[in-house]
There are 2 protein chains.
Amino acid sequence: MFADLDRTGPLPMYSQVAERLEEAIRTGVIPAGGRIESEIAIAERLRLSRPTIRRAIQDLVDKGLLVRRRGIGTQVVSGRVTRAVELTSLFDDLDAAGARPRTDLLLHEAIQAADDVAHELGLQAGAPVLHVRRVRYADGAPVAVLENWLPGDLADLTEEALRERGLYQLLRARGVGIRIAHQTIAARGCAGDEADLLGLPARAPVLSVERVTHDHTGRTIELGRHCYHPDRYRFSTTLVAR
Amino acid sequence: MFADLDRTGPLPMYSQVAERLEEAIRTGVIPAGGRIESEIAIAERLRLSRPTIRRAIQDLVDKGLLVRRRGIGTQVVSGRVTRAVELTSLFDDLDAAGARPRTDLLLHEAIQAADDVAHELGLQAGAPVLHVRRVRYADGAPVAVLENWLPGDLADLTEEALRERGLYQLLRARGVGIRIAHQTIAARGCAGDEADLLGLPARAPVLSVERVTHDHTGRTIELGRHCYHPDRYRFSTTLVAR
DNA sequence: AAGTGGTCTAGACCACCGA
DNA sequence: CGGTGGTCTAGACCACTTC
């Protein structure tokens with residue numbers, strides 16, 4: 001199970017150990033409800049220190065795959081194991097699922113930020129921002145209407161680029177990595193042209209998300225107000241009490 | 001800022017340090033975008049070890065309050081700081097917000113689990129389960145329709161108890177602590193009597209959540225299928241890339 | 001009593017950044 | 001170059017559970 005650990009490469013040992021453990025859990029080598037070895041036993045076997053093994057195990061606890069009890073040991077959570085939500089983009093998710101994402105660009109304008117947008121982005125009202133509105137399709141069917149605002153200094157994203165790639169991909173290529181997202185998820189009825197764009201009846205329910213993202217410096221990168229087709233998108237999370 | 005650390009009490013030092021730091025961030029003592037001291041400096045000042053301080057800081061990074069960069073330092077995330085989602089119950093949340101929660105019990109029956117319910121709970125089809133259906137009010141206004149299934153050995157929750165307290169409170173009093181929740185959030189139109197119960201027009205949009213929870217042993221405790229009034233409930237999360 | 005995880009220490013070396 | 005965070009070590013003591 002712990003064969004082929006690379007002790008000199010760039011990948012930290014704790015991350016390699018966590019990877020192997022997760023693999024063993026997902027493939028059923030360690031069954032649901034089963035106990036893993038104690039951290040001391042693993043540490044000795046792999047000739048690694050206990051804190052290193054602890055870190056690997058703790059990462060999987062945070063992912064909701066393991067539970068630990070003092071005096072007892074560490075067990076695999078029973079029930080089917082779901083993959084935890086990562087901070088990924090819709091475009092990449094669809095792409096990875098083989099769903100052939102496509103984007104219609106409805107709007108691409110440099111404007112002055114309205115009060116609410118400026119507030120969310122941490123700018124002065126009236127500051128220059130880029131406003132884009134897109135429809136995202138998967139396998140030809142509309143999945144979401146995506147409306148975004150970005151600070152003026154990120155406003156050089158071209159219309160062509162936005163038609164071909166996801167927003168986060170473009171930002172990443174510019175050296176802007178998304179690190180933190182605060183989002184609020186709600187339900188509401190379609191408004192304006194949303195029903196038409198998503199192929200839904202008027203006032204049909206949609207999943208609505210407002211998201212503010214920050215990069216690795218803590219700077220606000222983007223405000224997104226999105227609505228999703230109720231049958232083609234849902235949101236999964238794993239919550240773990242610490 | 002770090003006055004009154006209790007060095008002998010039951011509360012771990014890293015948690016006390018994290019608490020003080022979070023307080024300083026939320027009250028603006030350390031402003032958005034501002035840098036905190038290096039972990040070594042804090043460790044020396046508090047006469048604690050570096051790993052202890054690291055753990056405190058890392059907890060706040062995981063909460064989305066701080067960002068760290070090698071060679072630079074640790075900064076407060078800019079923009080308004082939102083409170084991260086905890087694994088809490090609706091009842092407790094409403095109570096804490098001073099919203100005077102109230103519960104109507106619509107259904108309380110011991111039944112045999114249907115296939116889908118049994119599967120989610122990790123039981124055999126036909127196994128005995130407790131099925132409850134409730135309407136939760138805040139300040140007299142309906143917020144959610146809550147439908148839950150629990151394994152048979154947790155089925156001794158009385159109707160009276162369920163009218164007076166939240167489900168998680170009752171489970172906790174029985175020594176069952178919720179530790180992990182997997183949930184899926186979606187939007188849909190009201191079905192059946194939901195519109196009536198929530199005071200909404202027929203087929204109005206609702207936020208729909210399916211949640212499976214596990215206790216500290218990894219055992220499946222509860223399946224919940226809930227729908228929420230779209231104007232009275234929304235869902236906030238913070239995602240942090242690691 | 002023995003074994004588990006929870007906390008904490010006092011170092012070490014490294015990669016990365018800015019001056 | 002010095003300072004920062006990222007990783008890792010080899011111990012220690014404790015609380016809790018099971019036997």
Side-chain angles (χ1 to χ4, degrees), chain A residues 2 5-19 21 34-62 65-77 175 177 179 215-219 240-242, chain B residues 2 5-19 21 34-62 65-77 175 177 179 215-219 240-242:
Chain A
F2 293 110
L5 287 178
D6 177 3
R7 304 186 107 86
T8 57
L11 211 55
M13 298 311 298
Y14 69 80
S15 126
Q16 294 184 51
V17 172
E19 208 173 82
L21 270 174
R35 267 181 40 185
I36 70 172
E37 284 180 274
S38 78
E39 45 187 49
I40 295 179
I42 297 177
E44 282 176 358
R45 201 146 64 78
L46 301 185
R47 299 175 182 282
L48 289 169
S49 72
R50 189 183 159 203
T52 300
I53 304 301
R54 269 189 76 76
R55 163 110 200 230
I57 292 175
Q58 190 58 49
D59 281 1
L60 298 185
V61 171
D62 291 344
L65 268 63
L66 295 174
V67 285
R68 325 194 71 183
R69 279 182 294 165
R70 179 160 21 191
I72 305 283
T74 303
Q75 289 175 293
V76 177
V77 169
R179 192 63 150 276
D215 71 0
H216 62 114
T217 74
R219 190 171 74 110
V240 180
R242 299 197 61 167
Chain B
F2 293 109
L5 287 179
D6 177 4
R7 304 185 107 86
T8 57
L11 210 55
M13 298 311 299
Y14 69 82
S15 126
Q16 294 184 51
V17 172
E19 208 173 84
L21 270 174
R35 267 181 41 187
I36 70 171
E37 283 180 274
S38 79
E39 45 188 48
I40 295 179
I42 297 178
E44 282 175 358
R45 200 146 63 78
L46 302 185
R47 300 175 181 281
L48 289 169
S49 72
R50 188 182 159 203
T52 299
I53 304 301
R54 267 189 78 74
R55 162 111 201 229
I57 293 176
Q58 190 58 48
D59 281 1
L60 298 185
V61 171
D62 291 343
L65 268 62
L66 296 173
V67 285
R68 324 194 70 182
R69 279 182 294 165
R70 177 156 30 187
I72 306 285
T74 303
Q75 290 175 293
V76 177
V77 169
R179 193 63 150 276
D215 71 0
H216 61 116
T217 74
R219 189 170 74 110
V240 180
R242 300 196 62 166

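Throughout, protein chains are lettered first and strands after them, A, B, ... in sequence-line order, and every chain is numbered starting at 1.
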Does any donor atom in the side chain of B:Arg68 or B:Gln75 lie under 3.5 Å from an acceptor atom in the other side chain?
no
Could you give the CD1-to-C1' distance, from B:Ile40 to C:dG11, as a whole number of Å?
11 Å
I'd like to know whether CZ of B:Arg7 has more than 12 heavy-atom contacts from other residues, nucleotides or ligands below 6.0 angstrom.
yes
Distance, rounded to the nearest Å, where A:Arg68 contributes CZ and C:dT7 contributes P
10 Å
Whole-Å distance separating the CG atom of B:Leu66 from the P atom of D:dG6
12 Å
Round to the nearest Å and state the distance from B:Arg35 atom CZ to C:dG18 atom P.
10 Å
For D:dT7, does OP1 or OP2 lie under 4.0 Å from any side-chain N or O of A:Tyr14?
yes
Within the sub-3.5 Å range, which N or O atoms of nucleotides 17-19 of chain D have a protein N or O partner, and how far apart are they?
none

Counting the atoms with a prime plus P, OP1 and OP2 as sugar-phosphate, which does B:Pro12 contact under 4.0 Å by heavy atoms, base, sugar-phosphate, or nothing?
sugar-phosphate
Nucleotide C:dT7, atom P - distance to CD of A:Glu39 in whole Å:
11 Å
Shortest non-hydrogen contact from B:Glu37 toward B:Ile42
CB-CG1, 3.6 Å
Cationic N near anionic O, under 4.0 Å, A:Arg55 to A:Glu39
no
Starting at atom CG of A:Leu11, determine the distance to atom C1' of D:dG6, rounded to an integer number of angstrom.
13 Å
Are any of B:Ser49's side-chain N or O atoms less than 4.0 Å away from OP1 or OP2 of C:dG11?
no
Please tell me which of the listed nucleotides, D:dG6, D:dC8, C:dT7, lies nearest to the side chain of B:Arg55?
C:dT7
Can you check the B:His216 NE2 to D:dC16 P distance for me, whole Å?
14 Å
From the set C:dA10, C:dT4, D:dT9, return the single nucleotide nearest to any side-chain atom of A:Leu48.
D:dT9
So does B:Thr74 get a side-chain nitrogen or oxygen closer than 4.0 Å to the phosphate oxygens (OP1/OP2) of D:dT4?
no
What does A:Ile57 touch in the nucleic acid at a heavy-atom separation under 4.0 angstrom: a base, only the sugar-phosphate, or nothing?
nothing
Short side-chain to backbone donor-acceptor contact, B:Asp59 and B:Asp62, under 3.5 Å
no
When the distance from CD of B:Glu44 to P of D:dG5 is rounded to whole Å, what number comes out?
12 Å
Side chain of A:Arg54 only, heavy atoms from C-beta on: which candidate in D:dG6, C:dT9, C:dT7 is closest?
C:dT7
Check this for me: does any side-chain nitrogen of one of B:Glu44 and B:Arg50 sit under 4.0 Å from a carboxylate oxygen of the other?
no
Under 4.0 Å between a side-chain N/O of A:Ser38 and OP1 or OP2 of C:dG3, yes or no?
no
For residues B:Gln16 and B:Leu11, report the shortest heavy-atom separation together with the two atoms involved.
NE2-O, 2.9 Å
